[in-house]
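Remember, it's a predicted structure, so these values are computed and weren't measured experimentally. As the structure lists them, so they are numbered: ligands from 1, and atoms in each ligand from 1.
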Amino acid sequence: MTSRPEFAARTAGMRPSKLRELVAAAARPSAGDVSGPTLLSLGGGLPPAEAFPARAVAEAAERALAGAAGAALQYSATEGDPDLLDLVGADLAGRLRLPDPTGRLLVTTGSQQALDLIGKVLLDPGDVAVVESPAYVGALRALAGYQPRIVEVPVDDDGMDTELLAGRLRAGLRPKLCYLVPNFSNPSGRTLTARRRTRLAQLAARYGFLIVEDDPYGQLRFAGADLPPVAADAAEQVVYLGSFSKLVAPGLRVGYLAAPRWLHRALTVAKQATDLNSAALSQRLLVELLADPDWFAGHLAGLRDLYRVRAEALTGAVADRLAGRLATPMPDGGMFVWASVQTPGIDALALARAAMRRAVSVVPGNEFSLADGYPRHLRLSFSMLGPAGLVAAVDRLGDAFDDLTASG
Ligand code: PMP
């Protein structure tokens with residue numbers, strides 16, 4: 001006889017994450033040592049330790065605690081620290097030409113919390129949620145908790161296929177929301193074209209759904225020109241999500257959203273029930289850091305250089321050493337390439353397992369689809385290793401291919 005209550009029905013949709021194992025493994029990397037059997041990670045999409053501005057954060061903490069310790073250590077407003085809201089609002093209005101975001105902003109505990117709050121206030125069981133496919137696994141999991149019917153719309157070289165979505169809408173599909181990462185998506189590395197951005201906003205207005213524009217990587221562009229966000233044309237139809245995780249440090253757990261006015265209050269009330277407010281100390285650290293725009297601009301320029309060099313090293317090594325076996329398009333920014341297996345008969349999951357035996361981690365494509373639509377793809381992250389480590393990791397992937405072909 002069991003003496004415990006049943007779990008809620010919604011937990012049925014909460015699948016454990018294979019990524020978590022990979023992230024745990026990636027927590028013990030050795031970017032410098034490429035000779036031994038230490039695991040080389042192309043798996044988790046984490047910023048490397050050398051990307052963290054640790055000294056600037058320490059100095060910011062000193063100032064935050066000396067100046068306004070009361071605010072830094074106290075509960076803060078649910079909407080967020082007023083100084084941080086001012087800085088974020090000015091950035092969005094300037095850089096992204098978003099219509100005045102005052103009164104539409106909410107600081108969140110990472111953008112992961114924004115995804116959860118959006119699901120919480122919009123999705124009843126059975127409601128339709130469209131996601132680009134392949135999709136960020138954290139978004140799939142956050143939404144799945146609210147038991148929607150998740151409909152995957154494929155991504156091609158130009159990002160999510162908006163004409164395919166238009167066809168589904170004409171045929172009667174009525175989503176409440178459509179989730180996508182328009183810039184250098186996780187995992188596809190693809191960027192939504194300007195035409196498709198406009199088209200998606202038109203579809204949202206016509207069919208009455210919310211676009212969830214998740215943009216943690218937009219400021220990590222290292223090639224090509226910035227595109228206006230979907231939200232620039234359609235503020236009442238889009239919730240725009242930003243995050244400091246990839247720009248400063250994920251350990252701060254600070255992100256933000258700019259919501260349509262009709263949605264802002266519901267999200268704020270939902271956040272009150274969830275965590276009252278995001279960490280006040282982290283927000284004051286960011287206020288101190290962003291108060292020096294030259295420092296921040298220089299820091300971002302350094303990150304873009306770091307990731308460009310790494311993206312070139314990874315795609316170059318694959319082209320040199322795995323031609324005909326693996327194809328990796330070069331992304332314009334972010335941390336990921338979406339690699340397709342070219343060798344007939346080799347399955348991505350088998351390859352990922354063989355790679356793990358050769359001490360290199362990669363994520364099999366099916367992690368990013370509820371429909372297991374990507375048995376021949378891998379997500380490779382170039383964020384964690386320096387160029388020499390990336391080349392060594394690609395060599396080990398070559399060994400993994402050899403192991404699979406040798407074993408038939
Ligand atoms: N969205 C995307 C596309 C991501 O890749 C991530 C983190 N990997 C997140 C959201 C969540 O980031 P955070 O909660 O740290 O802001």
Side-chain angles (χ1 to χ4, degrees), residues 17-20 22-24 26-27 41-48 51-52 80 84 88 105-120 129 131-145 152 155 159-160 177-192 211-221 229-231 238-258 267 271 274-275 278-279 282-283 285-286 303 307 331-338 361 363 367-369 379-384:
S17 168
K18 288 199 194 103
L19 267 182
R20 205 165 334 147
L22 294 164
V23 168
S41 177
L42 304 173
L46 318 181
F52 296 144
L84 183 61
V88 167
L105 293 176
L106 180 64
V107 170
T108 55
T109 300
S111 31
Q112 193 63 34
Q113 182 181 50
L115 296 170
D116 180 63
L117 295 176
I118 291 162
K120 200 175 228 172
V131 299
E132 67 175 349
S133 180
Y136 166 53
V137 48
L140 290 175
R141 284 178 214 291
L143 298 178
E152 302 187 16
V155 160
M160 195 178 77
L177 61 84
C178 172
Y179 169 83
L180 81 172
V181 180
N183 295 311
F184 339 118
S185 187
N186 176 5
S188 76
R190 297 306 192 340
T191 295
L192 192 70
I211 298 167
V212 181
E213 181 174 23
D214 185 12
D215 191 24
Y217 304 107
Q219 291 185 81
L220 297 180
R221 179 183 278 280
V230 185
V238 181
V239 57
Y240 176 90
L241 314 186
S243 174
F244 291 102
S245 288
K246 309 293 157 45
L247 306 181
V248 180
L252 296 177
R253 306 306 302 130
V254 178
Y256 55 87
L257 61 83
L267 292 173
K271 180 172 166 67
T274 300
D275 66 353
S278 295
S282 291
Q283 295 183 64
L285 291 180
L286 283 166
L303 291 182
Y307 291 125
D332 289 338
M335 298 183 170
F336 306 105
V337 295
W338 186 235
S361 66
V363 186
E367 276 289 290
F368 306 97
S369 162
R379 187 191 74 179
L380 306 182
S381 168
F382 47 82
S383 65
M384 289 294 289

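For Ser111, there are no side chain to side chain donor-acceptor pair (under 3.5 Å) partners, not counting sequence neighbours. The side chain to side chain donor-acceptor pair (under 3.5 Å) search around Tyr179 returns Asp214, not counting sequence neighbours. For Lys246, there are no salt bridge (charged side-chain N to carboxylate O under 4.0 Å, His left out) partners two or more places apart in sequence or in a different chain.
No close placement of the Phe336 and Phe382 rings is indicated, their centers lying 6.0 Å or farther apart.
Listed by chain and residue number, the protein contacts of ligand 1 are Gly110, Ser111, Gln112, Tyr136, Tyr179, Val181, Asn186, Asp214, Pro216, Tyr217, Ser243, Ser245, Lys246, Arg253 (heavy atom within 4.0 angstrom).
At a cut-off of 3.5 Å, with distance as the only test, no side-chain donor of Thr191 or Asn183 sits close to an acceptor on the other residue.
Contact check for Ser369 versus Glu152: side-chain heavy atoms found under the 4.5 Å cut-off.
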